[in-house]
Amino acid sequence: MNKLLSPDKSTVLFLGNEAIARGALEAGLAVATGYPGTPSSEVIESLAGVAARRNLYVEWSVNEKVALEVAAAASFSGLRAMAVMKQNGVNVASDFLLHLIASGTRGGLVLVSCEDPGALSSVNEGESRYFARMLEMPLLEPADFQEAKDLTKWAFELSEEIRNVVMLRSVTRMSHASGNVVCAKLPTKSRRAKFEYDGPVMDSQTGPMISTPVVAKHRLHQEKLKTVEALFEKSPFNRYSGPAKPKLLVVTSSVCFLYVREALSMLGLERDVGILKLATTWPLPPRLLERNLQRAEKILVVEEVLPFLEENVKVLASAMAGRIGVKTFFGKYDGTLPAAGELNPDIVARAIGGIMKVKPKTPPASYLAEVKKAAALIPAREQTFCAGCPHRASFWNIRRAIALDGREGFVCGDIGCYSMAALSPATGYNTMPTLHSMGSGTGLAGGFAKLSAFGLDKPVMAVCGDSTFYHAVIPALINAQHNRADITFIVLDNAGTAMTGFQPHPGLPVSALKETVPAVDIACVCRGIGAKVAVADPFDIDGTSKILTDYLAEKGSVKVLILRQACALSPEKKGKKTFNVRVNEELCLGDACGCNRLCTRVFRCPALTWDSARKKAVVDEVICAGCGVCVSICPQNAIVKAQGNM
Amino acid sequence: MKKRKPAKTLNLILTGVGGQGNVMASRVLAGMLVDAGYVVTIGETFGMSQRGGSVMSHLRVSPDEVKSPQIPAWGADVIVALEPLEALRVLGVYGNPDVCVLSNTRPVYPIGVITGELGYPSREIIMEKFSLLAASAWMIDATDAGVRLGNPVLSNIVMIGALAETGLLPFNRGMFAKEIKKTLPPDKLSLNMKAFDEGRAMIRQESVALKNL
């Protein structure tokens with residue numbers, strides 16, 4: 001049995017994201033959409049796995065804006081729907097979201113944003129909570145795994161109560177952590193879709209779904225928010241724990257609640273400090289805040305990244321200062337907590353300890369001294385492309401073409417595993433100096449290419465992954481082609497959304513539900529806009545380098561090279577080796593070779609190691625994926641390959 | 001060996017390098033303990049940040065309460081390492097005089113070591129550091145055992161078997177067999193049970209025991 005369908009009352013270990021998925025199922029979800037992004041992907045993945053049995057429609061959409069639009073159509077037709085994305089996905093969806101909130105919704109519609117404080121798997125520390133305030137959308141934040149399920153379920157009910165979209169926000173340490181969850185019943189009835197639109201313009205349940213008349217509908221929405229506030233006042237998900245009159249009141253939400261509880265236990269302050277845990281963080285319920293802020297003179301707000309909760313609590317506290325008195329606030333504004341990076345129990349313990357003048361316990365000084373000595377011996381383990389990764393071969397080709405061209409060409413980067421070429425520059429052989437949001441590499445490249453009149457005369461390249469191509473690159477590519485930007489555009493096509501776990505994308509003939517669907521061919525799209533297109537295998541070093549060198553020399557407009565080779569971790573490749581690779585020690589000249597250890601010093605494959613005692617290169621067979629690319633790079637032909645098991 | 005029944009929270013860190021099956025191992029352990037009635041939390045990081053990098057799972061086993069998915073500094077009771085350098089790295093943040101370490105012996109060299117910019121401590125130095133920083137330690141060659149059984153990735157199951165034999169976590173062979181039946185295809189079960197038993201045997205025979213130093 002799929003554990004997502006566990007029976008009523010059973011206790012199951014769920015990933016935070018699975019708990020969200022289960023909550024949606026308990027609410028009678030019909031349609032779920034999303035775009036893969038860490039730490040959000042498992043919500044849609046786990047729902048896709050039970051779609052047939054629960055009669056769901058689940059799709060990986062081309063991007064987050066389209067995901068929300070597809071989910072909204074289900075809501076307009078009376079069904080319960082959910083769109084799931086990572087924090088910066090909300091930025092992508094936000095234009096539609098602004099208009100959606102103005103038009104209102106019908107069936108419960110929940111936007112799930114799984115965010116990444118500390119940017120563990122992101123190149124930003126985006127905060128979508130501010131969208132809740134800016135776009136006036138109720139915001140819920142679960143503080144443990146059970147709540148992740150229960151709040152999701154409630155989010156659908158709340159959405160139908162106010163006939164508008166509700167946002168549920170999780171973070172990496174909730175989405176990608178696991179814990180016990182007690183399941184409730186799965187509904188047995190399902191709704192029929194029906195879309196009505198001939199009612200009055202101001203009636204969002206029967207009239208047209210539009211944002212106009214704008215001001216009138218805006219006022220109507222603001223009235224609904226009063227209903228939300230009233231419901232939040234009574235919500236059992238907001239809880240106070242601690243003494244009636246604590247020496248310090250901590251106001252917190254999300255996984256930070258668990259950090260605060262841990263910190264109090266570390267400091268032995270459970271009887272001195274109270275915790276107000278809020279699950280409904282926008283709009284804040286004022287009467288609940290008033291009752292609890294009265295408890296203490298000192299208030300610490302604990303939250304991750306920006307001081308969103310702190311600001312909102314302070315606004316309320318200043319309005320009610322006449323009744324609750326003047327408070328001393330601690331948080332991000334006064335530097336008690338950092339305003340960047342994720343939190344953990346230690347950071348929270350230091351903050352609370354600082355206010356309460358209590359120090360967390362540490363091991364004895366002699367132990368810490370030994371730790372310090374040991375730390376000096378531990379080499380850093382930097383991120384790198386996996387053994388057998390096609391991106392290493394692609395960047396090796398790019399490096400070679402740039403060197404042969406001799407004009408210091410460079411690459412504008414994009415979002416995927418290949419971002420590592422920028423994050424850890426030696427991994428990309430120092431070719432990729434820019435990295436921003438999805439699709440931005442191509443937009444930037446088109447811009448750089450127009451600067452020759454101002455004296456910037458270097459060959460400009462851009463890379464993107466196959467999934468990224470569909471998500472946000474196409475407009476930038478059309479812009480480059482239409483404005484005659486001279487760029488070499490390289491698609492690193494590894495046959496799936498590899499970084500987030502091989503979710504299908506529009507280039508593949510399979511859907512999230514494993515149905516056969518038409519594949520949209522990248523080469524055809526590029527040819528359709530009039531660009532020159534070539535396709536190559538990045539493992540063919542000579543062939544690929546030649547195309548790239550020719551492209552760099554060729555003046556003109558957009559030149560496209562699609563480099564096709566599946567990810568080394570893809571299900572079809574994992575555990576299999578195309579080649580068995582080894583070093584012929586008689587041919588390896590070691591340090592005496594004129595190459596200055598090109599194989600291990602520059603190529604940087606984790607499977608191609610250096611035996612410093614014997615001064616020879618060695619292939620680690622346990623790590624080697626058998627791609628055979630290193631055979632092409634050794635000037636002595638000392639690396640040899642034989643047919644493997646694939 | 002007598003099982004420790006945690007009256008208070010037991011904190012275990014499972015560490016290694018991306019691709020060693022760390023996430024799978026922590027979920028198998030957690031699954032068994034949830035079924036045994038404990039409140040379990042696993043904190044994991046996975047995604048792009050872990051490509052070739054260190055991977056850590058924080059497993060917290062509590063009799064009654066949901067814990068923070070991140071263990072506080074100096075707070076580990078047990079460290080299980082699929083790669084020895086990673087055991088040392090974790091000791092430097094989560095170690096304490098009472099911690100127990102179970103480590104694989106097989107190194108996975110960081111890129112900086114491969115390029116020659118950084119050094120990798122010898123096995124003798126790593127063992128010496130374990131003896132200074134842990135109350136007990138075991139080192140077993142789990143990767144070789146995996147290779148002998150046909151797949152180096154089985155080293156994670158070998159380590160789970162070894163952990164069972166140390167008695168540091170309240171689970172046994174029967175619980176493991178029941179747990180893997182939930183997720184693994186039937187044709188993989190006997191191989192995984194062999195890997196589990198191999199790990200147990202390695203602890204029983206362990207000649208480089210640093211136990212009770």
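Labels below follow one simple rule: chain letters A, B, ... track the order of the sequence lines, proteins then strands, and each chain is numbered from 1.
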Exercise. Please flag which part of A:Leu343 lies under 4.5 Å from any non-hydrogen atom of chain B: side chain, backbone, both or neither.
Key: backbone

Quiz item: When heavy-atom pairs shorter than 4.5 Å are enumerated against chain B, which of A:Arg597, A:Arg381, A:Lys373 gives the highest number?
Solution: A:Arg381

Quiz item: With only heavy atoms counted, which part of B:Ile126 is less than 4.5 Å from chain A, the side chain, the backbone, both or neither?
Solution: neither

Self-check item: Among the listed options B:Gly112, B:Gly95, B:Gly43, the residue most often paired with chain A at heavy-atom distances under 4.5 Å
Solution: B:Gly95

Quiz item: Using non-hydrogen atoms only, which part of B:Val113 is less than 4.5 Å away from chain A: side chain, backbone, both, or neither?
Solution: side chain

Practice problem: Fit a plane to each ring of B:Phe176 and B:Phe196, take the angle between them on a 0 to 90° scale, and name the class: parallel (under 30°), tilted (30 to 60°) or perpendicular (over 60°). | Solution: parallel

Self-check item: Heavy-atom contact with chain B under 4.5 Å, split by part of A:Ala374
Solution: both

Self-check item: A:Leu608, part contacting chain B, at a heavy-atom distance under 4.5 Å
Solution: backbone

Quiz item: Heavy-atom distance under 4.5 Å to chain A: side chain of B:Gln20, backbone, both or neither?
Solution: neither

Quiz item: With distance as the sole test, does A:Asp346 use its side chain to make a donor-acceptor pair with the main-chain N or O of B:Pro72 at under 3.5 Å?
Solution: no

Quiz item: Is it the side chain or the backbone of A:Pro364 that comes within 4.5 Å of chain B heavy atoms, both, or neither?
Solution: side chain

Quiz item: Between A:Asp611 (side chain) and A:Val618 (backbone), is there a donor-acceptor pair under 3.5 Å?
Solution: no

Quiz item: Where on A:Arg604 is there a heavy atom nearer than 4.5 Å to chain B: the side chain, the backbone, both, or neither?
Solution: both

Practice problem: Heavy-atom distances under 4.5 Å only: say whether A:Cys605 touches chain B with side chain, backbone, both or neither. | Solution: backbone

Quiz item: Sub-3.5 Å donor-acceptor pair from the side chain of B:Asn22 to the main-chain atoms of B:Val55, do we have one?
Solution: yes

Quiz prompt | Side chain / backbone / both / neither for B:Leu88 at chain A, heavy atoms under 4.5 Å | solution = both

Quiz prompt | B:Lys67 versus chain A, the contacting section by heavy-atom distance below 4.5 Å | solution = both

Quiz item: Do the charged groups of A:Arg601 and B:Glu117 touch, with an N to O distance under 4.0 Å?
Solution: no

Quiz prompt | Residue pair A:Thr500, A:Thr38: steps toward the side chain to side chain donor-acceptor pair (under 3.5 Å) verdict | solution = CA-CA 6 Å; A:Thr500 48; A:Thr38 311; 5.8 Å; no

Exercise. Against chain B, work out which of A:Tyr367, A:Trp610, A:Tyr259 has the most heavy-atom pairs shorter than 4.5 Å and name it.
Key: A:Tyr367

Quiz prompt | chain B interface, residue from A:Ala349, A:Ala380, A:Gly179 that has the most non-hydrogen pairs under 4.5 Å | solution = A:Ala380

Exercise. Any chance you could lay out the ring pair (Phe, Tyr, Trp, His ring centres under 6.0 Å) test for B:Tyr120 and B:Tyr109, step after step, and finish with the verdict?
Key: CA-CA 7 Å; B:Tyr120 191 101; B:Tyr109 294 114; 5.1 Å; yes

Practice problem: Measure distances from B:Pro152 to the heavy atoms of chain A and classify the residue's part below 4.5 Å as side chain, backbone, both or neither. | Solution: side chain

Exercise. May I ask you to decide whether A:Glu147 forms a salt bridge with A:Lys277, counting only side-chain N to carboxylate O separations under 4.0 Å?
Key: yes

Quiz item: Do you know which of B:Val108, B:Thr143, B:Leu91 has the most heavy-atom pairs with chain A at a distance under 4.5 angstrom?
Solution: B:Val108

Quiz prompt | chain B contact via A:Phe603 - which portion, at a heavy-atom distance below 4.5 Å | solution = neither

Practice problem: List the steps, then state whether salt bridge (charged side-chain N to carboxylate O under 4.0 Å, His left out) holds for B:Glu65 with B:Arg60. | Solution: CA-CA 10 Å; B:Glu65 189 185 63; B:Arg60 314 195 67 186; over 6 Å; no

Quiz item: Quick one: what part of B:Val39 sits under 4.5 Å from any heavy atom of chain A, side chain, backbone, both or neither?
Solution: both

Exercise. Check each atom of A:Asp144 against the heavy atoms of chain B and say whether the ones under 4.5 Å are side chain, backbone, both or neither.
Key: side chain

Quiz item: Just by distance, do the side chain of A:Gln503 and the backbone of A:Gly37 share a donor-acceptor pair under 3.5 Å?
Solution: no

Quiz item: Picking from B:Asn96, B:Leu118, B:Thr41, which has the most non-hydrogen pairs under 4.5 angstrom with chain A?
Solution: B:Asn96

Quiz prompt | Lys/Arg-Asp/Glu bridge criterion (N-O < 4.0 Å) met for B:Arg106, A:Asp620 | solution = yes

Exercise. Using a cut-off of under 4.5 Å on heavy-atom pairs, state which of B:Leu133, B:Val66, B:Val34 scores highest against chain A.
Key: B:Leu133

Quiz item: Is A:Glu621 paired with A:Lys577 through a side-chain N to carboxylate O contact shorter than 4.0 Å?
Solution: no

Exercise. Salt-bridge test for A:Lys3 and A:Glu18: reply yes if a basic N is under 4.0 Å from a carboxylate O, no otherwise.
Key: yes

Quiz item: Does atom NZ of B:Lys182 have more than 12 heavy-atom neighbours from other groups under 6.0 Å away?
Solution: yes

Exercise. Determine the option with the most heavy-atom pairs under 4.5 angstrom with chain B, choosing from A:Asn344, A:Thr600, A:Val12, A:Leu377.
Key: A:Thr600

Quiz item: Taking every heavy-atom pair that is under 4.5 Å apart, which of A:Arg173, A:Met1, A:Glu370, A:Met174 has the most such pairs with chain B?
Solution: A:Arg173

